[in-house]
There are 2 protein chains.
Amino acid sequence: MAKVGIRDVAKAAQVSVTTVSHALSDAHGSRVNAATRDHVRAVAEELGYAPNRLASGLRNQRSYLLGMVNDQIATTPFAGEMILGAQDAAYERGWLLMMLDTASDPELEKKQINTLLQHQVDGIVYAKMYHQRIATPTELAGVPTVLLDATSDLGSISSVVPDEVAAARTAVRTLIDAGHRTIGFINNIDDIPATHGRFQGYVEALGEAGIDFDPALVATAESRAEGGRIAAQHLLSLPTRPTALFCFSDRMAMGAYQAAGSLGMTIPHDLSVIGIDNLELIAEGLWPGLTTVALPHYGMGRWAVTQLLDEIEASGDEEPVHMIFDCPLVQRGSVAPPLHI
Amino acid sequence: MAKVGIRDVAKAAQVSVTTVSHALSDAHGSRVNAATRDHVRAVAEELGYAPNRLASGLRNQRSYLLGMVNDQIATTPFAGEMILGAQDAAYERGWLLMMLDTASDPELEKKQINTLLQHQVDGIVYAKMYHQRIATPTELAGVPTVLLDATSDLGSISSVVPDEVAAARTAVRTLIDAGHRTIGFINNIDDIPATHGRFQGYVEALGEAGIDFDPALVATAESRAEGGRIAAQHLLSLPTRPTALFCFSDRMAMGAYQAAGSLGMTIPHDLSVIGIDNLELIAEGLWPGLTTVALPHYGMGRWAVTQLLDEIEASGDEEPVHMIFDCPLVQRGSVAPPLHI
DNA sequence: GCTCCTTTGCAAAACGTTTTGTATGTCGCT
DNA sequence: AGCGACATACAAAACGTTTTGCAAAGGAGC
């Protein structure tokens with residue numbers, strides 16, 4: 001079956017292409033009689049007519065295409081959530097998403113953005129797989145853009161990031177509310193917003209509860225299971241042994257579980273553990289399940305596209321919005337009251 | 001800066017748009033003098049001219065767009081690899097990928113495929129997140145399509161899937177080569193190709209080594225950590241206790257680690273474990289690292305797009321190809337010779 | 001009965017390319 | 001010198017839409 005175009009519909013409905021076009025778009029519906037409009041629509045339906053978006057895009061200067069450029073799609077488990085959130089929001093409003101992965105290569109990134117532009121994308125979601133501060137690529141000047149999981153030196157571009165400080169506060173408060181007073185913190189070693197923000201949240205939550213901050217209770221390592229294991233082993237052999245550990249990431253929490261196991265401690269009876277990320281694979285796989293603070297990747301992806309489309313459709317110079325997303329607690333089984341010693 | 005079109009280049013270079021078009025595409029390069037061609041190219045470069053793919057797509061009846069429809073992008077960690085492989089292959093050949101997630105909803109899937117078709121995609125990659133046998137959606141008739149991680153009732157569509165049997169054989173052979181003779185198998189409970197294929201591979205590998213197959217050494221459960229833990233606890237308390245466990249998935253292997261730990265066994269000294277999937281998050285996070293057989297998602301994604309583009313460019317009725325991908329062993333630290341008892 | 005609106009439909013131009021057909025030279029050959 | 005062959009450049013049509021301007025028909029007001 002050959003593709004059916006608007007002229008085929010026109011011929012079949014015994015009207016001109018103009019009338020068909022008007023009949024199908026309610027915007028100019030007033031220019032066509034209700035009866036003929038219904039007739040045309042019926043014929044179009046019957047023929048299975050679907051407008052060629054390429055042609056209409058050319059005519060309207062609007063492609064209904066959005067670009068999404070990511071660094072490292074593959075290596076991070078968050079990507080899926082962010083992409084899905086973005087794609088859902090786009091699809092619901094009639095847009096389609098074109099995904100590209102720069103593999104963190106600035107040269108490639110340039111070329112990819114230009115390719116996107118050649119395809120006349122109406123806007124671009126510039127996504128990072130973990131929260132960071134970036135210099136916006138110059139290619140993006142002039143194209144509606146929203147930053148996802150990143151903030152820029154230029155304040156002129158809308159952006160969305162998670163509230164790192166609040167996330168850490170939530171985690172630490174959860175431990176405090178369970179009765180813990182000696183809370184270790186296994187922090188990341190990288191110089192990124194999450195590291196600093198979560199440290200700040202940790203300190204703040206302790207302060208709120210009137211607990212003195214003890215630098216000895218903070219250990220840093222690479223944000224992987226191994227780093228978490230080593231750091232936890234260190235903290236758990238301290239004279240002032242913490243009864244609970246707040247871990248920078250679920251991966252580090254996984255290491256903390258291993259350390260606890262090798263020291264003969266059971267979670268949450270002998271030790272409470274809380275993480276950040278809510279990586280299903282880990283948080284649900286661990287035994288007992290890991291209580292953790294979720295990074296709202298789906299929601300952020302959704303928000304980014306929604307904001308982008310709003311800006312595109314308004315197309316007046318809107319004020320950029322800098323969104324900070326809340327991070328909800330996900331309770332499983334790794335937090336309990338401390339042992340009485 | 002307003003968009004620069006081909007007529008701008010023509011004006012600046014003092015030639016006609018025809019000449020510009022010919023000068024820029026080497027295909028018809030013979031129709032233009034080498035000198036003017038270079039001149040035109042220089043001018044185009046200087047103006048930063050990039051052709052409008054929408055317009056050229058309309059003219060050429062080729063959009064240089066590919067659709068990729070997935071079930072469940074977000075919930076599976078494999079998605080990233082498959083998407084990346086597909087995207088890389090597409091980009092290298094000048095194509096762009098439009099991603100859609102059907103959330104396993106057939107109604108939505110139909111609509112999404114139609115949306116893709118409206119955008120005049122040149123072909124579609126129909127991807128499943130785990131190997132399965134499917135009925136091809138009728139919407140796809142007439143559109144070049146390749147099945148990714150799925151096979152169809154119709155043999156007329158090219159497809160690519162992993163070699164489940166060989167993957168299992170590889171895993172079990174690895175254990176046998178290490179000296180094990182009593183090898184437990186923790187299998188999935190779902191009725192999917194992987195379940196049957198891996199069981200077959202397990203039996204075959206035992207047979208090759210002259211080991212009798214013992215049904216008591218096979219336990220089934222849901223393919224999650226919890227299922228793996230329970231199944232492993234069962235197998236490890238058998239009178240004929242296996243010295244090694246072959247796990248259907250890395251997630252189940254994670255459960256096997258937990259069972260071993262709770263029984264006071266250390267891996268790989270007291271028990272060898274091998275998985276399938278090579279989920280970095282788990283396989284590298286476990287301690288010791290999990291030896292596992294990788295599912296080649298990146299490679300399959302790449303192959304699917306490459307095949308699809310070949311079929312599109314040949315556009316004669318090519319024979320469909322049904323590809324079966326090898327699954328390589330990834331060695332870490334969870335396999336060792338059995339204890340002498 | 002005439003003018004003036006309103007309703008309804010159509011023809012044609014436009015979006016930015018690519019490609020076919022044609023025109024103008026220029027050269028080589030007889 | 002005359003003819004054809006070739007090289008080079010351009011005009012125009014086409015891809016499938018949307019929208020503007022225009023025309024015809026019908027109705028209302030004077």
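Computed over heavy atoms, backbone and side chain alike; hydrogens, waters and symmetry mates excluded. Below, read A as the first sequence line, B as the second, and so on, with proteins coming before strands; counting in each chain starts at 1.
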Is the closest basic N to carboxylate O distance between [X] and [Y] below 4.0 Å?
X: A/Arg62; Y: A/Glu313; value: no
X: A/Glu92; Y: A/Arg302; value: yes
X: A/Asp310; Y: A/Arg93; value: yes

Below 3.5 Å is the cut-off: list the nitrogen or oxygen pairs between protein and nucleotides 22-27 of chain D, distance only.
from, atom 1, to, atom 2, distance (Å)
D/dC22, N4, A/Arg31, NH2, 3.3

Would you check if the side chain of [X] reaches a backbone N or O of [Y] as a donor-acceptor pair within less than 3.5 Å?
X: A/Asp101; Y: A/Ile73; result: yes
X: A/Ser158; Y: A/Val321; result: yes
X: B/Arg53; Y: B/Ser63; result: no

On DNA chain C, does the nearest nucleotide to B/Ala50 precede the nearest nucleotide to A/Thr19 from the 5' side, or the other way round? Give the residue. A/Thr19
Minimum heavy-atom separation for B/Asp122 and B/Tyr64, please, with both atom names.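 Taking B/Asp122 first and B/Tyr64 second, the nearest heavy atoms are OD2-N, 2.7 Å.
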Nearest-nucleotide comparison on DNA chain D, the residue closer to the 5′ end among B/Leu58 and B/Thr36: B/Thr36
Pick the nucleotide of DNA chain D nearest each of B/Gln14 and A/Ala55; which residue has the one closer to the 5' end? B/Gln14
Quick one: [X] [atom1] to [N] [atom2], roughly how many Å, whole number?
X: B/His22; N: C/dT18; atom1: NE2; atom2: P; answer: 9 Å
X: A/Leu54; N: C/dT18; atom1: CG; atom2: P; answer: 13 Å
X: B/Lys11; N: D/dC10; atom1: NZ; atom2: C1'; answer: 16 Å
X: A/His119; N: C/dC15; atom1: NE2; atom2: P; answer: 22 Å
X: B/Arg53; N: D/dG16; atom1: CZ; atom2: C1'; answer: 19 Å
X: B/Gln120; N: C/dG16; atom1: CD; atom2: P; answer: 19 Å
X: A/Asn60; N: C/dC15; atom1: CG; atom2: P; answer: 13 Å
X: A/Lys3; N: D/dT17; atom1: NZ; atom2: C1'; answer: 14 Å

Between the opening five pairs and the closing five pairs of the helix from C/dG1-D/dC30 to C/dT30-D/dA1, how far apart are the helix axes, to 10°? 60°
Tell me whether the rings of A/Phe78 and A/His297 are parallel (<30°), tilted (30 to 60°) or perpendicular (>60°).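 Correct class here is parallel.
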With a 4.0 Å cut-off on heavy atoms, is A/Ser56 in touch with a base, just the backbone sugar-phosphate, or nothing at all? sugar-phosphate
With side chains defined as the heavy atoms from C-beta onward, is the minimum distance between A/Tyr298 and A/Leu84 less than 4.5 Å?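 Touching, per the 4.5 Å side-chain cut-off.
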Side-chain touch A/Val143/A/Leu117, heavy atoms, less than 4.5 angstrom: yes
Could you tell me whether the side chain of B/Arg59 has a donor or acceptor atom within less than 3.5 Å of a complementary atom in the base of C/dT18?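 It does, because a donor-acceptor pair links the side chain of B/Arg59 to the base of C/dT18 below 3.5 Å.
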Any donor-acceptor pair, under 3.5 Å, between the side chain of A/Thr18 and the base of C/dA11, if you only look at N and O atoms?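 Such a pair exists between side chain and base.
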Can you tell me if the side-chain N/O atoms of B/Asn52 get under 4.0 Å from OP1 or OP2 in C/dT17? no
Below the 4.0 Å mark, does C/dT17 have OP1 or OP2 next to a side-chain nitrogen or oxygen of B/Tyr49?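 For B/Tyr49, the contact criterion (side-chain N or O under 4.0 Å from OP1 or OP2 of C/dT17) is met.
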Using the side-chain heavy atoms of B/Ser21, tell me which of these nucleotides is nearest: C/dT18, C/dG16, C/dG9.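 Selected nucleotide (nearest to the side chain): C/dT18.
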